[in-house]
J.: 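Here it is: the structure, laid out below.
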Amino acid sequence: MVKKIVIISVLLFSSVTIINATQADVSIQSQVYRARDKVMPALVHIQPVLKNYNTGEMEKQAVIGSGVIFHPDGYVVTNFHVAGKAERIICTLYDKEIVTAEFIGGDPMTDVAVIKLNLDSYNGKITVAEFGNSDIVEVGQYVMAMGSPLSLSRSVSLGVVSTKDRYFSSDVRLPSGERTGIYNLWIQTDAAVNPGNSGGPLVDLKGQIVGINSRAMMFANNIGFAIPINIVKSVIAEILDHKKVIRSWIGLHCQALQELEEYFKTDRNTGVLVSSVDVNSPAERSFLRAGDVILEVNQKPVSARFLEELPEFYNTIAKYPPDTELSLKVLRGDETFEIKVKTERLGELQGEDFDCKEWGFTIKEITTQMQLDNQLENTDGVLVTGVKNVGLGDTGGLRRGDVIVKINDVETPYLYNFQVEYENQINNKSKKILLTISRNGSTRFVLLVNENKEEGKK
């Protein structure tokens, strides 16, 4: 009798467990459906036509991305690497109607862009998605990645948040060359994120957007990354006001203090370690140097013991208006100093591109940030971004990364000077053109010989 009772009890317990598990599954499934139905109508399938100069000639490429409508006037948020360099943007809405869109502005540093749908001839009704709060996202919670993976529009994948504070080093770049990820952390998810998902929403089970999908890990399964929506919201506000994000800059590069506190004589969770200082930057002019530990910014304590804390420190500087004088409390050896630094506006990350079609290579204007990134002496000249395999530049020995400072005897400190002299040489049908270039800090000469022009004179 006792055995029968035990057996019956076990069976009853197992039945209750199965019923509870089934009810939980049904509950999750219903939440997925509700969240899907709230956001899916706001999805946008984006087909931008981009200009690519990296092969040595200007090429137009049609790519695929995703976006989501966040404003009733037809504003859509997506990735900068999807729409930031677009010559033309075609969008397919949830009802499969096709409209054009205009690029409003973007921020490569966070890989966020805003476009606006042209709804003049659209007779349908658009749906606006709801932004959530990425600060309350929990590791392990269910999320859905929506978008157009591999051009398969209106797709949904389900997963969990793997971590909410993934950090990427400052040498991570967008396809167009800009640095990204310096000012934000990333939400990592195992919901499938593939090419084409870029710019689509990461959605919680309430149907609120908690992130914008941006990147996947190469050669890995189900490892995707989204920009936290709280970062996206602040960037969108700047874009709608200024078409870009305006940041302050002083030229510091920092590293985590973890395991170095004892050497630099700092308390745990105190200070930010300066690893390098940009040449001719506000920080250098104020005599900051590598090895300094910044304890306070304008009397507010700062800390970056871990890598994940570095974006917060960089944002502390960036959020001040340009031309603001900052007071930094700095630990140097055994002494503490107060150093005044006047911020400057962070300049454009990349310059304008130009296709030297007749000579078989492409160039780019050199900005201050490009000078620092490429460790150039100054911004004089134009940077070679691509050399066509068969062309005058390739035959003459020109390489990607060379800086052209002269065409024959004419100096080309700016892109405009180069363009004017380039057109002069083309109009004059010059047979030979001598380029003076800088390569790895050394001056070299490249001779472009236009054999076709020579043959035409015979």
Side-chain angles (χ1 to χ4, degrees), residues 51-60 85 87 173 176-179 249 251 278-281 284-285 344-458:
K51 289 182 178 180
N52 178 23
Y53 292 84
N54 294 333
T55 61
E57 60 183 336
M58 192 277 285
E59 297 177 332
K60 293 184 179 181
K85 300 290 184 178
E87 180 184 61
R173 294 180 180 272
S176 49
E178 293 93 344
R179 289 179 296 153
W249 168 83
D278 287 332
V279 176
N280 197 32
S281 65
E284 185 187 61
R285 293 194 293 272
E344 293 180 3
R345 179 170 174 167
L346 179 67
E348 296 295 331
L349 300 185
Q350 296 285 307
E352 181 183 346
D353 291 288
F354 181 70
D355 182 8
C356 305
K357 188 174 181 179
E358 298 290 334
W359 293 351
F361 59 87
T362 51
I363 59 171
K364 187 187 290 284
E365 174 189 15
I366 301 174
T367 66
T368 299
Q369 292 303 312
M370 286 174 60
Q371 174 207 342
L372 297 172
D373 291 346
N374 293 278
Q375 299 181 338
L376 305 176
E377 291 184 6
N378 49 50
T379 60
D380 291 347
V382 292
L383 181 71
V384 177
T385 54
V387 180
K388 195 175 178 180
N389 284 336
V390 180
L392 303 189
D394 180 51
T395 303
L398 193 68
R399 299 180 189 172
R400 182 177 182 176
D402 288 345
V403 176
I404 302 173
V405 296
K406 278 186 183 180
I407 300 177
N408 292 331
D409 293 326
V410 179
E411 295 184 350
T412 57
Y414 303 106
L415 177 62
Y416 171 77
N417 304 115
F418 183 97
Q419 291 171 321
V420 169
E421 188 56 29
Y422 171 79
E423 293 298 333
N424 288 339
Q425 296 297 323
I426 300 303
N427 293 333
N428 294 335
K429 299 181 180 180
S430 300
K431 302 175 184 179
K432 296 182 179 180
I433 303 99
L434 184 68
L435 303 180
T436 304
I437 67 168
S438 175
R439 180 182 294 167
N440 299 325
S442 300
T443 299
R444 298 177 65 91
F445 300 95
V446 171
L447 184 64
L448 307 181
V449 180
N450 195 335
E451 296 176 350
N452 293 331
K453 300 296 182 187
E454 286 188 296
E455 290 173 0
K457 292 288 185 180
K458 290 180 181 179

J.: Looking only at atom types and distance, does a side-chain atom of Arg179 sit under 3.5 Å from a main-chain N or O of Arg173, one as donor and one as acceptor?
T.: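 Between the backbone of Arg173 and the side chain of Arg179 there is no qualifying donor-acceptor contact (under 3.5 Å).
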
J.: Please check if any side-chain donor atom of Gln419 sits under 3.5 Å from a side-chain acceptor atom of Glu423, or the reverse.
T.: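 Distance-only check fails for Gln419 and Glu423.
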
J.: Quick one: CG on Asn54 to CD on Glu59, what's the gap to the nearest 0.5 Å?
T.: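 Going from the CG atom of Asn54 to the CD atom of Glu59 covers 9.5 Å.
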
J.: The test is side chain to side chain contact (heavy atoms under 4.5 Å, CB included); show your working for Phe361 and Ile404 and say whether it passes.
T.: CA-CA 12 Å; Phe361 59 87; Ile404 302 173; 3.7 Å; yes

J.: Determine, stepwise, if the pair Leu415 / Ile363 fulfils side chain to side chain contact (heavy atoms under 4.5 Å, CB included).
T.: CA-CA 9 Å; Leu415 177 62; Ile363 59 171; 3.7 Å; yes

J.: Which heavy-atom pair separates Trp359 from Gln425 by the least distance, and what is that distance?
T.: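 Nearest pair, atom of Trp359 first, then Gln425: CZ2-CB, 3.7 Å.
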
J.: Would one find more than 12 heavy atoms of other residues, nucleotides or ligands at under 6.0 Å from atom NZ of Lys364?
T.: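 Counting neighbours around NZ of Lys364, more than 12 heavy atoms of other residues, nucleotides or ligands fall under 6.0 Å, so yes.
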
J.: Would you compute the distance between atom CD of Gln371 and atom CG of Leu383 and round it to the nearest 0.5 angstrom?
T.: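 Separation between the atoms: 12.0 Å.
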
J.: What's the spacing between Asn280 CG and Thr368 OG1 if we round to 0.5 Å?
T.: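 The CG atom of Asn280 sits 9.0 Å away from the OG1 atom of Thr368.
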
J.: Kindly compute the distance separating CD1 (Ile407) from CD1 (Ile433), expressed to the nearest 0.5 Å.
T.: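 So the gap between those two atoms works out to 8.5 Å.
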
J.: When you measure from the side chain of Thr412 to the backbone N and O of Val405, does any donor-acceptor pair fall under 3.5 Å?
T.: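 It does hold such a pair.
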
J.: Verify, without hydrogens or angle tests, whether Asp355 (side chain) and Met58 (backbone) share a donor-acceptor contact under 3.5 angstrom.
T.: yes

J.: Does CZ in Arg399 sit with more than 12 non-hydrogen atoms of other residues, nucleotides or ligands closer than 6.0 Å?
T.: no

J.: Which heavy atom of Asp394 sits nearest a heavy atom of Val390, and at what distance?
T.: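 So the two residues come closest at OD2-N, 4.3 Å.
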
J.: What I'd like to find out is whether the side chain of Gln350 reaches to under 4.5 Å of the side chain of Met370, using heavy atoms alone.
T.: yes

J.: Quick check: do Glu365 and Glu348 have side-chain heavy atoms less than 4.5 Å from each other?
T.: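 They are not in contact (no side-chain heavy atoms under 4.5 Å apart), so the answer is no.
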
J.: Once you round to the nearest 0.5 Å, how far does CG of Asp409 lie from OG1 of Thr436?
T.: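 The CG atom of Asp409 sits 8.0 Å away from the OG1 atom of Thr436.
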
J.: Short question: side chain of Asn408, backbone of Leu434 - any donor-acceptor pair under 3.5 Å?
T.: yes

J.: Quick check for you: to the nearest 0.5 Å, what is the distance between Thr385 atom OG1 and Arg400 atom CZ?
T.: 7.0 Å

J.: Kindly say whether Glu358 contributes a backbone atom to a donor-acceptor pair with the side chain of Tyr422 at under 3.5 angstrom?
T.: yes

J.: Any idea which heavy atoms bring Glu411 and Asn417 closest together, and the distance?
T.: O-CB, 4.1 Å

J.: Between Leu435 and Leu448, is there a side-chain heavy-atom distance shorter than 4.5 Å?
T.: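 They are in contact (side-chain heavy atoms under 4.5 Å apart), so the answer is yes.
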
J.: With sequence neighbours excluded, what pairs up with Ser438 under the side-chain hydrogen bond (donor to acceptor under 3.5 Å, both in side chains) test?
T.: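 So Ser438 forms no side-chain hydrogen bond (donor to acceptor under 3.5 Å, both in side chains) with any residue.
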
J.: Counting only heavy atoms from other residues, nucleotides and ligands, does the tally under 6.0 Å from CG of Asn440 exceed 12?
T.: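 Count not over threshold, so no.
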
J.: With sequence neighbours excluded, tell me which residues meet ring pair (Phe, Tyr, Trp, His ring centres under 6.0 Å) with Tyr53.
T.: none

J.: State whether the number of non-hydrogen atoms from other residues, nucleotides or ligands found under 6.0 Å of Arg444 atom CZ is greater than 12.
T.: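 Incorrect, the count does not exceed 12.
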
J.: May I ask you to test the Trp249-Asp278 pair for a side-chain heavy-atom distance under 4.5 Å?
T.: yes

J.: Test side chain to side chain contact (heavy atoms under 4.5 Å, CB included) on Asn424 and Glu421; report intermediate values, then the result.
T.: CA-CA 5 Å; Asn424 288 339; Glu421 188 56 29; 3.4 Å; yes

J.: What is the minimum heavy-atom distance between Leu398 and Val387, and which atoms define it?
T.: O-CG2, 3.7 Å

J.: Under 3.5 Å, side chain of Asn374 to main-chain N/O of Leu376, donor-acceptor pair present?
T.: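 Such a contact is absent between Asn374 side chain and Leu376 backbone.
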
J.: Do other residues, nucleotides or ligands put more than 12 heavy atoms under 6.0 Å from the CD atom of Glu377?
T.: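 No, the 6.0 Å shell around CD holds no more than 12 heavy atoms from other groups.
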
J.: Would you name the heavy atoms of Ile366 and Asp380 that are closest together and state the gap between them?
T.: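 Minimum heavy-atom separation between Ile366 and Asp380: CD1-O, 3.8 Å.
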
J.: Does atom CG of Asn427 have more than 12 heavy-atom neighbours, drawn from other residues, nucleotides or ligands, at distances under 6.0 Å?
T.: yes

